[in-house]
Protein chains: 2
Amino acid sequence: MTTSSGDASSGLGPGAPGGPAKRATILDVAAAAGVSRQTVTRAMNAMPGIRQETRERVQETARQLGYTPSRFAKGLVQGARTSVGLAIPDLTNPYYPAFASSVVELATQRGWHVVMDDYGHGGATGVESVQHLAPQVDAVIGYLGGAADEAQAILGRRPLVVLDQPAGSASGGITFDYAHAARTALEHLQARGCRQLAYIDRAGTDHGAPEPVHDGGPRPGPGPVQGVVTVRGQAFARGAAAAGVALAVSVSPESAAAARQVTRRLLDEHPGTDGIVVFNDLMAAGVLKALADSGRAVPADCAVIGMDGIPLGELLTPELTTLALDLREVGRAAVELLDGLLTGSLNPAGPGTELVLRHQLVLRQSA
Amino acid sequence: MTTSSGDASSGLGPGAPGGPAKRATILDVAAAAGVSRQTVTRAMNAMPGIRQETRERVQETARQLGYTPSRFAKGLVQGARTSVGLAIPDLTNPYYPAFASSVVELATQRGWHVVMDDYGHGGATGVESVQHLAPQVDAVIGYLGGAADEAQAILGRRPLVVLDQPAGSASGGITFDYAHAARTALEHLQARGCRQLAYIDRAGTDHGAPEPVHDGGPRPGPGPVQGVVTVRGQAFARGAAAAGVALAVSVSPESAAAARQVTRRLLDEHPGTDGIVVFNDLMAAGVLKALADSGRAVPADCAVIGMDGIPLGELLTPELTTLALDLREVGRAAVELLDGLLTGSLNPAGPGTELVLRHQLVLRQSA
DNA sequence: ATAATTTCCGTGAACGTTCACGAACTTGTA
DNA sequence: TACAAGTTCGTGAACGTTCACGGAAATTAT
């Protein structure tokens with residue numbers, strides 16, 4: 001502008017000098033190219049009704065000015081592309097990536113964007129995650145670990161699909177038939193001849209549990225059951241009681257290393273244990289280590305059944321028998337449920353639509 | 001609408017009848033509550049200058065109408081909250097979640113949102129992923145597997161941080177010192193007394209390779225090296241040549257199962273192999289399986305070194321020695337680099353700032 | 001009682017884009 | 001030449017929110 005030389009805006013436009021280089025707008029491009037807003041729009045969006053030469057000139061001008069259309073202005077006038085929030089407690093836990101991958105894939109197929117929040121590492125809760133996502137998304141899918149009502153309140157009318165917890169007032173929910181899983185596992189172990197069973201539960205309450213129960217009723221067996229606080233754990237305790245089989249229960253933080261230690265103690269207290277079911281495959285990996293530590297052969301001396309069926313199981317030694325969940329299928333169920341909610345074939349305001357999925361026993365070496 | 005009763009909007013507002021229930025705006029709320037736009041804004045955003053009673057009344061009205069402020073209108077007037085795109089080839093590969101988790105955590109700390117794209121499953125490329133993300137984000141971090149220039153062109157002035165490939169015209173890049181990694185691994189194996197080494201490379205070119213070379217120069221050893229196409233593979237081939245050590249190279253698709261098969265063939269062709277380095281830990285798991293299949297003891301008969309240091313390695317039997325990368329640290333580096341680019345302390349237009357990280361040998365049982 | 005604050009609330013403007021429409025220019029045809 | 005039809009481009013309006021400012025009402029001070 002102030003220079004007398006002719007070649008203004010040579011290559012870089014703003015950026016080098018002065019302040020933070022105020023963002024170029026469509027008007028800047030229009031002015032620089034000697035056309036109107038609408039022509040710039042036509043050039044940038046591959047619309048008809050513009051001469052090829054003009055289009056190229058405008059595009060070049062836009063490039064030189066570093067022009068990027070404001071997604072806000074565009075969204076405001078065109079109506080939102082839907083974007084869904086995905087709340088995950090811990091991507092580091094191999095259970096979740098498989099699920100998340102599926103959600104992202106199917107959401108992308110529908111033209112949605114996925115805003116991901118991996119809230120566990122910051123020590124946040126599921127509700128806080130929803131709070132963080134809320135202003136940015138049109139819907140949320142998530143493993144919140146409870147408080148579905150509160151989360152739905154934050155989202156207002158926008159649909160919320162929660163997993164592995166009662167839907168409550170949430171628009172939709174996907175749960176798992178743990179009673180069926182427990183029955184399947186226990187029957188398999190019994191058929192195998194196991195008589196001294198144990199279950200390793202995860203420590204830390206999952207807020208999905210209906211009541212933080214101490215199982216005040218008749219103790220189903222000799223094992224300690226007081227610590228059982230997850231819904232999975234309750235299902236196994238009840239399943240064992242129903243089947244009239246002894247079940248020792250230990251509780252461990254959700255990691256292989258922790259499960260290894262807990263299992264060592266369990267084996268000290270119950271040396272005759274000959275069958276163990278574990279909260280999930282990751283912890284089962286630690287259980288296998290502990291059994292190896294103690295010199296026991298798997299499955300000869302003690303059988304092990306994991307849960308969830310993550311790919312890791314196949315790589316362990318021995319390969320892990322597990323109550324598998326097709327995590328891509330879980331993701332598909334969540335996305336399709338949300339799709340129904342969004343397109344209105346399902347009513348978000350109505351009572352939460354619940355979908356129940358079942359684990360399937362995958363026999364490998366460990367049991 | 002058709003009813004004569006007076007109680008309009010009782011509890012649910014729109015939604016039940018008619019069409020897709022046009023979205024409620026701030027003006028609807030203002031009218032329903034008998035106040036102005038600005039008062040609604042004040043009520044919804046916890047701003048001062050409003051009576052508590054009014055605030056509650058407005059909030060209740062908003063709730064009843066299912067009002068959710070438009071993120072586009074808000075963004076337009078307030079200036080963008082920055083949101084970054086995260087392009088990941090395959091969340092199912094345990095390498096990436098650890099990285100992604102770190103990125104999400106640190107981005108959230110900065111108040112950014114993360115739009116995730118897991119582009120591999122759809123058969124898309126990194127560039128297509130960037131294309132998909134571009135209209136929605138202010139910057140991109142990603143493993144693109146090449147074509148950084150093209151991706152940067154799509155983003156215009158918006159910063160792009162690429163990983164594990166030359167930055168090219170991208171604003172920033174993070175690469176790994178594979179020459180150092182190769183040297184470390186080979187030296188360790190030699191010191192261990194291994195004499196017949198092998199390297200299992202990943203099939204499929206990573207476009208980051210400077211030239212799709214057939215290594216036309218003098219063959220560094222007896223092993224077949226023609227298939228080496230990844231930068232990692234080249235580093236190992238060169239490292240072996242420099243150290244004057246024989247190195248057989250096999251190529252396998254990126255999965256444990258595939259690596260298992262390839263390793264079986266390798267062992268048939270080179271039965272004397274007593275040390276194997278693998279492209280990554282996931283494939284190394286398959287290599288361990290193959291060695292077990294062949295009746296070889298690890299590390300007594302053959303040592304194995306993996307690469308990248310994912311948590312899986314500790315759970316294998318034997319536990320995997322690996323050239324570990326602190327993936328959370330990689331995420332941190334990417335985010336901090338991007339932060340510099342965004343806040344302007346680094347110049348996005350300038351030549352890409354490259355950062356080189358090093359693998360560290362973590363000794364466990366397998367070597 | 002009047003003035004000086006303070007509290008509360010409303011109105012014009014602006015953010016950057018696309019849509020709907022119309023004007024100007026070009027080409028083809030009688 | 002004149003008219004129709006097509007091509008290319010520009011202008012007002014609208015999307016829904018917040019900001020800056022100003023006015024009215026309620027409260028306190030003089």
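Labels below follow one simple rule: chain letters A, B, ... track the order of the sequence lines, proteins then strands, and each chain is numbered from 1.
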field: Where protein sits on nucleotides 17-25 of chain C, one letter per nucleotide: B base, S sugar-phosphate only, - none, heavy atoms under 4.0 Å
entry: BBBB-----
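Atom pair B/Asp28:CG and D/dC15:C1' shows a separation of 13 Å (rounding to whole Å applied). Between the C1' atom of D/dT7 and the CD1 atom of A/Ile50 lies a distance of 12 Å, rounded to the nearest Å. When the P atom of D/dG16 is taken as reference, atom CG of A/Asp138 falls 14 Å away, rounded to whole Å. Atom P of nucleotide C/dC15 and atom CZ of A/Arg71 are separated by 18 Å, given to the nearest angstrom. Atom P of nucleotide D/dT8 and atom CZ of A/Arg51 are separated by 7 Å, given to the nearest angstrom.
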- request: Starting from the C-alpha separation in whole Å, work towards a yes-or-no answer on side chain to side chain contact (heavy atoms under 4.5 Å, CB included) for B/Glu105 and B/Arg328.
  value: CA-CA 10 Å; B/Glu105 178 189 358; B/Arg328 297 201 78 82; 2.5 Å; yes
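By the ring-ring contact (aromatic ring centres under 6.0 Å, His included) test, A/His121 pairs with no residue at all, sequence neighbours left out. Among residues two or more places apart in sequence or in another chain, the side chain to side chain contact (heavy atoms under 4.5 Å, CB included) test is passed with A/Arg42 by A/Gln38, A/Thr39, A/Met47, A/Ile50. Not a single side chain to side chain contact (heavy atoms under 4.5 Å, CB included) links A/Arg81 to another residue, sequence neighbours left out. Annotation: side chain to side chain donor-acceptor pair (under 3.5 Å) contacts of A/Glu354 (sequence neighbours excluded): none.
Between C/dC8 and B/Thr39, no contact under 4.0 Å exists linking OP1 or OP2 to a side-chain N or O.
No salt bridge links A/Arg57 with A/Glu60; every basic N to acidic carboxylate O contact stays at or beyond 4.0 Å.
Fit an axis to the five pairs at each end of the helix from C/dA1-D/dT30 to C/dA30-D/dT1 and the two axes sit 40° apart, to the nearest 10 degrees.
A distance-only check finds no donor-acceptor pair linking the side chain of B/Asp118 to the backbone of A/Val104 [under 3.5 Å]. Of the possible donor and acceptor atoms, one in the side chain of A/Gln152 sits under 3.5 Å from a partner among the backbone N and O of A/Arg158.
Between D/dG10, C/dC8, C/dG10, one nucleotide has an atom nearer to the side chain of A/Ser36 than all others, and that is D/dG10.
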